[in-house]
Amino acid sequence: MIKYKKELDGFESFLKNYFSEQKFQYNKNRNGQNELYSAIKYSLFSGGKRFRPLLSLLTGQALGLSAYQVYPFAASVECIHTYSLIHDDLPCMDNDDFRRGQPTNHKVFGEDIALLAGDALISEAFVILSQHYQHQPYVALNLIQCLGHGIGPFGMVAGQALDLRSRQADEDLMKTIHSLKTGALIETSILGVAKIAKASEEQTHHLKKYGQYLGQAFQLADDIHDAASASQKDEASMLSVYNLETVKKMLKTVTEKAIDSLSVFSKNSAMGLVDIAQFNLNRKK
Ligand code: GRG
């Protein structure tokens, strides 16, 4: 999203700095450790869109936060997203050889190191939160709980488990799978920022609705993209229930609903959240 280059560049610098700190410099004599750090960086810096971090930053703009207040949370979300992709690609899950046009993490580093790189990214996400928000312990605790809830047995991981065991899901089950597997982290990217900003109940309620619709829209855009690129996998897709035209209409409708949920915010403050919803509507990757 070229309009938000400044925001994305700022985030990229934060993430790069964090993962190039002394503690991530490896000792050349320690084989496993240097492979682990390389595997982490390989997937973290391999051309992801940074959709969720940008979403967090734009939520911050809607709530009057500076980018610096949001970077650490956005970084922790991107660590989690990256772990989920590394693990999802493993042979015991989706068994993919390529991601973002490059060999998957386990193809380069082996299954053992890829698994550990994912594990390490989960831990690091929580270290980032506790470290960067320690001057506001209540906020830090809220963020840790919010992220843990969004990605755990009541969120993303539950969605993955359901997806693995529901090969011919009906529409209702598919919506549940998508709202957990894809939607929960998208919603968390927004709700965590509401916690940093100590947003009002009313603001949080509307942001939650926006996040739920945007999560649905993101997954529909993903299904459409997979169909167009013939990369459809053995995963729940709305295209197994509806034809392409219908799924495109559904995407447009939920995008409009997402945007309508922002009515409590001024046009100016909500502009970024409207833009990112529209970006998703038209995205090609
Ligand atoms: C807990 C192992 C585990 C998995 C969680 C996220 C996930 C579930 C699986 C990934 C499979 C997948 C492709 C889901 C559809 C939605 C999605 C997360 C797409 C990829 O996200 P993008 O488009 O990726 O933001 P980039 O490459 O831009 O970072």
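Counting convention: from 1, in listed order, for ligands and their atoms alike. Residues: numbered from 1 along the sequence shown.
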Sub-4.0 Å atoms of ligand 1 with respect to non-hydrogen atoms of Arg100: 26 (P), 27 (O), 29 (O)

Those atoms of ligand 1 less than 4.0 Å from some heavy atom in Asp222: 15 (C), 16 (C), 19 (C)

Closest to atom 7 (C) of ligand 1 (judged by heavy-atom distance), picking from His178, Lys181, Met93: Lys181

Per-atom contacts, ligand 1 versus Gln219 - under 4.0 Å to a heavy atom: 15 (C), 16 (C)

Carboxylate-amine/guanidinium contact Arg50 Glu78, below 4.0 Å: yes

Under 3.5 Å side-chain donor-acceptor pair for Glu171 and Tyr242: yes

Within-shell test, Lys285 vs ligand 1, heavy atom, strictly < 4.0 Å: no

Arg52 to ligand 1, any heavy atom closer than 4.0 Å: yes

Side chain Thr59, main chain Ile190, donor-acceptor under 3.5 Å: no

Donor + acceptor pair across side chains of Asn105, Ser43 (<3.5 Å): yes

Part of His81 within contact of ligand 1 (heavy atoms, under 4.0 Å): side chain

Between Tyr210 and Glu187: side-chain donor-acceptor atoms closer than 3.5 Å: no

Tyr83 N/O to ligand 1 N/O under 3.5 Å: no

Polar atom proximity, Lys49 to ligand 1 (N or O, under 3.5 Å): yes

Which segment of Asp88 sits under 4.0 Å of ligand 1 when only heavy atoms are counted: both

